[in-house]
Each structure stands twice: as C-alpha cells, then as structure tokens.
Engineer: 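Can you keep this structure in mind? I'll have questions shortly.
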Amino acid sequence: MSSSLRKRSNWEQLAKFCVVGAAGYVVNLAVYTALLELAGLHYLPAAIGSFLVAVTSNYTWNRIWTFRGQRGHVAYQGLRFLVVSTMALGANLLVLHLLVQSGVGEIPAQAIAIVLVTPLNFVGNKLWSFRRRA
C-alpha cells in the first residue's frame, strides 16, 4: 500500500475536493440545462459555457478550502488549475459526445461525463496545480 494512501490528510483533501466538486457538479448541470433549454445552445457549446462557470467556482473553493495549506501565487496556481481543467474539459467533451451519439440524453450524458472525468481532474490538481513546494 502506498504511503500516500495511508495519509489521513490525503483522504480529507479528497473528501473536500468531492464536496467542492459536488457543488460544481450542481452548478455545471444547472448552467448546462439553462443554456440548452433556455438559450437554445447546442450541447457542446452549452458544456463549454457551463464549464467556465463551474471551473471558476471550483478554483475559488479549492484554493481557499481544499488546498488551503498549499496556496501559491494566485495567478500561477490559477493558470495551472485552468490547464488541468481544460484537459478535463477535453475529456468531458469527448465522453459527452460519445454518450450523446450512442443515444444517451444530453443532460444525463453530461452528468455521467462529469463523474467519469472527476478522478483525472483531482489527480492533476493535487499533483500539479496545488502541489506543495519542497
């Protein structure tokens, strides 16, 4: 068993990341649904728009709560967070597109895609965006 898996602080961080992520998940799906149904956007631009809103919220909460002890320069960390989140968005758009093309409804497909991409997002942010400086 890896020593990282035995550290309570890593599990606490993962739990906090999941709480922030759950709030971001709700924000993402609410904005996504509004962009689809109220603004009439295609599902891919709607996913990008909802990502922009959710990623802003997630960065703020992860910086001040989840990774509070690992704060670096706001712009430097923010840029790293944006890079990781953009890669996660790319994965999300791919999964979303594949699910929609296979017949899954647009809103359930986005809900599934977000869940599937979350581990990639956590690992990238933990190991790069908010890593502790030696």
Side-chain angles (χ1 to χ4, degrees):
M1 177 182 266
S2 169
S3 65
S4 294
L5 292 176
R6 286 180 264 169
K7 288 185 179 178
R8 179 184 170 116
S9 63
N10 286 336
W11 290 103
E12 288 171 353
Q13 250 180 1
L14 177 59
K16 288 179 178 182
F17 188 85
C18 288
V19 168
V20 169
Y25 182 78
V26 170
V27 167
N28 192 314
L29 286 178
V31 172
Y32 178 75
T33 301
L35 291 174
L36 278 177
E37 295 181 358
L38 301 177
L41 289 182
H42 182 269
Y43 70 91
L44 292 175
I48 293 168
S50 64
F51 159 81
L52 292 171
V53 175
V55 77
T56 302
S57 171
N58 287 357
Y59 173 69
T60 302
W61 285 109
N62 278 312
R63 180 171 166 76
I64 64 175
W65 187 50
T66 308
F67 299 107
R68 181 178 58 196
Q70 295 159 254
R71 277 196 234 168
H73 187 274
V74 67
Y76 184 73
Q77 263 184 349
L79 182 60
R80 285 181 171 216
F81 188 87
L82 184 60
V83 168
V84 170
S85 296
T86 300
M87 291 183 349
L89 172 64
N92 175 278
L93 292 175
L94 176 64
V95 172
L96 174 63
H97 179 70
L98 292 172
L99 290 170
V100 169
Q101 293 303 307
S102 70
V104 177
E106 293 169 350
I107 295 170
Q110 175 69 335
I112 294 166
I114 294 168
V115 169
L116 293 177
V117 172
T118 294
L120 167 73
N121 202 2
F122 174 73
V123 170
N125 281 302
K126 168 105 175 118
L127 298 179
W128 192 51
S129 304
F130 294 103
R131 75 174 179 217
R132 292 183 196 264
R133 296 198 185 251

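Scope of the values below: all heavy atoms of this structure, side chains included, with no hydrogens, waters or symmetry mates.
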Engineer: Any donor and acceptor pair, going by atom type alone, linking the side chain of N28 with main-chain N or O of G24 inside 3.5 Å?
Structural biologist: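 No, the answer is negative, given that no donor and acceptor are paired below the 3.5 Å cut-off.
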
Engineer: Does the distance from a Lys or Arg side-chain N to an Asp or Glu carboxylate O, for E12 and K16, drop under 4.0 Å?
Structural biologist: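 Not counted as a salt bridge, because no side-chain N and carboxylate O are separated by less than 4.0 Å.
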
Engineer: Provide the closest heavy-atom pair for P119 versus L116 in the form atom of the first, atom of the second, distance.
Structural biologist: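 Looking at all heavy atoms of both residues, the closest pair is CD-O, 3.5 Å.
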
Engineer: Less than 4.5 Å apart, any side-chain heavy atom of Q110 and any of L99?
Structural biologist: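 Not touching, per the 4.5 Å side-chain cut-off.
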
Engineer: Taking the side chain as every heavy atom from C-beta outward, state whether L35 and P45 have any atom pair closer than 4.5 Å.
Structural biologist: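 No, too far: nothing below the 4.5 Å cut-off.
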
Engineer: Any side-chain to backbone donor/acceptor pair from N62 onto N58? Under 3.5 Å, distance only.
Structural biologist: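 Yes, because the side chain of N62 sits within donor-acceptor range (under 3.5 Å) of the backbone of N58.
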
Engineer: For the residue pair V100 and A109, what are the closest heavy atoms and their distance?
Structural biologist: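 Closest approach of V100 to A109: CG2-CB, 3.8 Å.
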
Engineer: Check whether Y32 and Y25 end up in the same hydrophobic cluster, where Ile, Leu, Val, Met, Phe, Trp and Tyr are linked by side-chain heavy atoms less than 4.5 Å apart.
Structural biologist: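 They do not share one cluster, since no chain of ILVMFWY contacts under 4.5 Å joins Y32 to Y25.
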
Engineer: Quick check: is L52 connected to L38 through a chain of hydrophobic side chains (ILVMFWY, heavy atoms under 4.5 Å apart)?
Structural biologist: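 No, separate clusters.
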
Engineer: Using side-chain heavy atoms (C-beta onward) and a distance below 4.5 Å, is V83 in contact with W128?
Structural biologist: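 Result yes, sub-4.5 Å side-chain heavy-atom pair found.
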
Engineer: Looking at OG1 of T66 and CZ of F122, how far apart are the two atoms once the value is rounded to the nearest 0.5 Å?
Structural biologist: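 If I round to the nearest 0.5 Å, the distance is 8.5 Å.
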
Engineer: Roughly how far apart are S50 OG and I114 CD1, rounded to 0.5 Å?
Structural biologist: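 Spacing of OG (S50) from CD1 (I114) equals 6.5 Å.
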
Engineer: Carefully, step by step, assess K126 and F67 under the rule side-chain contact (heavy atoms from CB on, under 4.5 Å).
Structural biologist: CA-CA 8 Å; K126 168 105 175 118; F67 299 107; 4.1 Å; yes

Engineer: A side-chain contact here means heavy atoms from C-beta on lying under 4.5 Å apart; do F51 and V31 qualify?
Structural biologist: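 A side-chain contact is absent here, since even the closest heavy-atom pair is not under 4.5 Å.
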
Engineer: Which atoms form the tightest heavy-atom contact between N121 and S85, and what is the distance?
Structural biologist: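 Answer, listing the atom of N121 first, then S85: OD1-OG, 4.0 Å.
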
Engineer: Flag yes if Y59 and V117 sit in one hydrophobic cluster, no otherwise; membership is Ile, Leu, Val, Met, Phe, Trp, Tyr, and two members link when side-chain heavy atoms are under 4.5 Å apart.
Structural biologist: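 Per the 4.5 Å side-chain linkage, Y59 and V117 are not co-clustered.
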
Engineer: Give the minimum heavy-atom separation between W65 and V20, together with the two atoms involved.
Structural biologist: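 Distance-wise, the nearest heavy atoms are CE3-CG2, 3.7 Å.
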
Engineer: Checking the side chain of T33 only, and the main-chain atoms of A30 only, is there a donor and an acceptor separated by less than 3.5 Å?
Structural biologist: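 No, because the side chain of T33 does not come within donor-acceptor range (under 3.5 Å) of the backbone of A30.
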
Engineer: How about R63 and F130: do any of their side-chain heavy atoms sit closer than 4.5 Å?
Structural biologist: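 In short, these two side chains touch, coming nearer than 4.5 Å.
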
Engineer: Between A47 and L96, which heavy-atom pair has the shortest distance, and what is it?
Structural biologist: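 The answer is CB-CD2, 3.7 Å.
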
Engineer: Please examine the side chains of F81 and N125, heavy atoms only from C-beta on, and report whether any two atoms are closer than 4.5 Å.
Structural biologist: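 The answer is yes; the side chains approach within 4.5 Å.
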
Engineer: Could you measure the distance from the CD atom of E106 to the CG atom of L44? Nearest 0.5 Å is fine.
Structural biologist: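 Answer rounded to 0.5 Å: 8.5 Å.
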
Engineer: Membership question, hydrophobic clusters at under 4.5 Å side-chain separation (ILVMFWY): are L120 and I112 in the same one?
Structural biologist: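 Shared cluster, no.
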
Engineer: Can you get from I107 to L93 by hopping between Ile, Leu, Val, Met, Phe, Trp and Tyr side chains that sit under 4.5 Å apart?
Structural biologist: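 Yes, I107 and L93 fall within the same hydrophobic cluster.
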
Engineer: Taking all atoms of both residues into account, what is the closest heavy-atom pair of L36 and H42, and its distance?
Structural biologist: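 Heavy-atom minimum between the residues: CD2-C, 4.1 Å.
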
